[in-house]
Each structure stands twice: as C-alpha cells, then as structure tokens.
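Notes follow once the structure below has been shown.
Chain letters run A, B, ... following the sequence lines, proteins first and then strands; every chain starts at 1. As the structure is a computational prediction, the values presented were derived from the model and not from experiment.
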2 protein chains.
Amino acid sequence: MDLDQFFPYQLARLAEQVSLATAQVYQTRFALGRDEWRVMAALAQASEMKTSDVLGRTTMEKMQVSRALAKLERDGLVERSPDPEDGRAYLVRLRPPGLALYRKIVPMVQAREEYLLSDLSEAERKVLSAAFAKVGERARQLIRHG
Amino acid sequence: MDLDQFFPYQLARLAEQVSLATAQVYQTRFALGRDEWRVMAALAQASEMKTSDVLGRTTMEKMQVSRALAKLERDGLVERSPDPEDGRAYLVRLRPPGLALYRKIVPMVQAREEYLLSDLSEAERKVLSAAFAKVGERARQLIRHG
DNA sequence: TATTGTTATACTCTATAACTATA
DNA sequence: TATAGTTATAGAGTATAACAATA
C-alpha cells in the first residue's frame, strides 16, 4: 500500500499546506488565530448577532466560540451587550477597529485563494467543487455509521 | 465574504471529515494513532530500513517518527536493532504481529477510500488528482515566499 | 428541567530546541 | 564540526463535562 497514492492522505497533506498558506495572512501578519478569524467572518455578515448565531454560522463548538469572543473582546475588536430578550444571551458585534481589520484582511485572503486556484480552468473548478460535495457526503455517512 | 464558499475553508472541512472517517478504522478499532499508522505503512514497504528511511517515506519530523516508533515497539509491533554500519543509527522492522495487523487494516482503509470516491467517475477522479497537484504546488509557493 | 454561555480539565498535535552518542 | 536519534517543553487545537444564571 502506497501512502502517497492514498486519497485521504493526499487530501490531508493538501489541506495542511493550503491552511498554512492562507493562515499566514491573518496569523503571522495580524496575530489572529483561526477561530478568531472565523468568528470575525461570521460577525461581518450582520451588524449584530447573538453568540448562538455565530455558532450557527461556523462549524465551531460553543466553547471555542466563547473563547474566541473573549480574546477578540480583550483585543478591542468585538463588543458584547446583554440580550434584552434573554438574560442568558449576549448580542455581539464588531467594533470599528474589528470591522476595519476584517476589511483589510478579506482582499488579502481572497487574493491567496485566487492564486491557489489560478492553474485550474473554470470547468476544472466546477468538477472540484462537485467532487468535494460528493466526497463530503460519503465521509459523513461513514462517520455516522462507524 | 462567505466562509462557506471560501476554498481553503471547504478544503479544511472536507479533510477533517475524511480524516475522521478513515482514522476510525485504525484508531477506534486498533488503538493506533495517525503517526503510528503512517510509520507502519512506511515499514511495510521493505523488510527492514533505517529510522532515517522512515523519515524519507513520510512527511513526518524525526521527533514524531521517534515517538511513533517508541510506541510501536512498546506494543510489540516493531523491533529495532543497532545499525552495524553506523553506531548512531537503528534498523527497524515490523514484527510478525505488526505485519499481521498491517495486513488486516489495509483492505479496510482501502474499502473506505473506494467508498469515499464511489460517486466520482474515472474522469472526475483524474481531474481531482491533477487539481490537487496544481493547488499543492501553488500552496508551497505561497508558503515559501511568505 | 432545559438552555446560554463560561470555566475546568485532559488529551492530542505541533514546533523548537537542547541533549547524547557517535561520525 | 556535523549527523542520528531522543528527550524536554511549550503552544495550539480538540473533546468532555461540570457549572452558574436564566428560561
């Protein structure tokens, strides 16, 4: 069995490299962790949302979201206020510095994305995207059924 | 910016799911970590090799290999002897129980691989494989040049 | 009793480098 | 001085569950 020809292994290596290449932008240059970046991207989709909405817009666990928000709040990028409709909940929003940082990072990571895909034709991108959906569905089936 | 449509994010999620689906076989059922599994797959390619050859056949660091080998040796799956040609080096090989375990696992993970890809035509698989190579090359360029 | 969000804990991974013994 | 491999340590990332406040 040749590990190099084994699809899950190829996929894992590619994902690792792509993740490294992309994360350089927000980690090395702006000291943001991956979770903080994901939370900011979620928050940027609306002027204000509940913590639970952030959960719904990411694949993160509530504990990861809680910690990412705490760090973003310490850094002054995000602010929280109590939800007037539910005493247990918070309303979260990007503060101006957070929004500015987000708007600065987005074009940079999008440029990296385009560079990563630049050798692929439009047709190849379509196949790739469809293949991701199909393989992902099969993977979820395997996980569900042990 | 929609994270769900962002290629590096899609790739990371897919890899995570596929890794989970594949690792179930050797982790849950046989208590092997990913590194141990990779080392066993490398060792199975020859009757005996140096630790440094294991390094060359995987993308692991020497420290990871050292730890994986130590665990495999504790579990009786691998044995080491001093290299008569270099007092610093070791010769490593799978012990019979290790080889038997490897031969038991291989068809199981291959079946999972085939299942994961079962919705893809031969042509789609070719596109996918070529795309991985192209994107991987671009990613390595980005990593190298910051 | 159930839910929102926080905190605690432990385990795995990863990254860096110091260390030993040979070469 | 360099190399093979080990050990130490610290930082992320992940998973589980206990917990306080509120519903």
Side-chain angles (χ1 to χ4, degrees), chain A residues 9 12-13 15-17 19-24 26-28 30-39 42-43 48-74 78-93 143, chain B residues 9 12-13 15-17 19-20 22-24 26-28 31-39 42-43 48-74 78-93 143:
Chain A
Y9 184 65
R13 280 201 304 184
E16 198 177 328
Q17 288 169 341
S19 163
L20 209 57
T22 311
Q24 274 182 340
Y26 52 81
Q27 281 183 356
T28 308
F30 301 106
L32 283 177
R34 194 191 54 168
D35 284 351
E36 284 98 58
W37 166 245
R38 286 184 178 178
V39 165
L43 289 176
E48 185 175 74
M49 63 180 73
K50 295 190 191 186
T51 304
S52 58
D53 297 326
V54 177
L55 254 165
R57 286 169 195 268
T58 64
T59 56
M60 302 166 63
E61 302 290 314
K62 63 177 180 175
M63 185 209 48
Q64 297 171 278
V65 170
S66 169
R67 286 193 182 143
L69 281 173
K71 179 169 188 307
L72 289 170
E73 197 173 28
R74 275 199 303 281
V78 149
E79 64 184 1
R80 285 190 275 195
S81 47
D83 181 348
E85 294 176 354
D86 186 335
R88 300 167 300 181
Y90 290 92
L91 295 172
V92 200
R93 71 199 75 82
I143 292 168
Chain B
Y9 184 65
R13 280 201 304 183
E16 198 177 331
Q17 289 168 340
S19 164
L20 210 57
T22 310
Q24 274 181 340
Y26 52 80
Q27 280 184 358
T28 309
L32 283 177
R34 194 191 55 167
D35 284 351
E36 284 98 58
W37 165 246
R38 286 183 177 178
V39 165
L43 289 176
E48 184 174 77
M49 62 181 72
K50 295 192 192 184
T51 305
S52 58
D53 297 325
V54 177
L55 254 165
R57 287 169 196 269
T58 65
T59 56
M60 302 166 63
E61 302 290 314
K62 64 178 180 175
M63 186 210 48
Q64 297 171 276
V65 170
S66 168
R67 286 194 183 142
L69 281 172
K71 178 168 188 307
L72 290 170
E73 197 173 29
R74 275 199 305 279
V78 149
E79 63 184 3
R80 285 189 275 195
S81 47
D83 181 347
E85 293 176 353
D86 187 336
R88 301 167 300 180
Y90 290 92
L91 295 173
V92 200
R93 72 200 74 83
I143 293 168

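If you measure from atom NZ of B:K71 to atom P of C:dC11, you get 14 Å, rounded to the nearest angstrom. In this structure, the CE atom of A:M49 is 16 Å from the P atom of C:dT4, given to the nearest Å. Atom CG in B:L69 sits about 15 Å away from atom C1' in D:dT7, given to the nearest Å. Whole-Å rounding puts the B:R67 CZ to C:dA17 P distance at 15 Å. Going from atom NZ of A:K62 over to atom P of D:dT14 covers 18 Å, rounded to whole Å. As rounded to whole Å, 13 Å separates atom P of D:dG13 from atom CD of A:E16. Rounding to whole angstrom units, CE of residue B:M63 and C1' of D:dG11 are separated by 13 Å. Taking atom CG on B:D35 and atom P on C:dT14, their separation rounds to 7 Å, with Å as the unit.
The number of heavy atoms from other shown groups lying within 6.0 Å of CD (B:E79) is above 12.
Between A:E48 and A:L43, the closest side-chain pair of non-hydrogen atoms is not below 4.5 Å.
For A:R34 and D:dT14, the shortest distance from a side-chain N or O to OP1 or OP2 is below 4.0 Å. Using a 4.0 Å cut-off, some side-chain N or O of A:T51 falls inside it from OP1 or OP2 of C:dG5.
Within 4.0 Å (heavy atoms only), B:E61 reaches no atom of the nucleic acid at all.
In the model, B:S81 has a side-chain atom that pairs as donor or acceptor with a side-chain atom of B:R93 under 3.5 Å.
With respect to the salt-bridge test (charged N to carboxylate O, under 4.0 angstrom), the residues B:K50 and B:D83 qualify.
Comparing C:dT6, C:dA8, C:dT14 by their nearest atom to the side chain of B:Q64 picks out C:dT14.
Contacts between residues 80-90 of chain B and DNA chain D, defined by a heavy-atom separation under 4.0 Å, are made by B:R80, B:R88, B:A89, B:Y90.
Side-chain N or O atoms of A:Q27 include none that pairs as donor or acceptor with a backbone N or O of A:Q24 at under 3.5 Å. Put simply, the side chain of B:T58 gets close to the backbone of B:V54: a donor and an acceptor are under 3.5 Å apart.
In this structure, A:S66 and B:Q27 both approach DNA chain C, and ranking their closest nucleotides by distance from the 5' end singles out A:S66.
Legend: residues meeting side-chain contact (heavy atoms from CB on, under 4.5 Å) with B:R88, ordered by chain and number and at least two apart, are B:D86.
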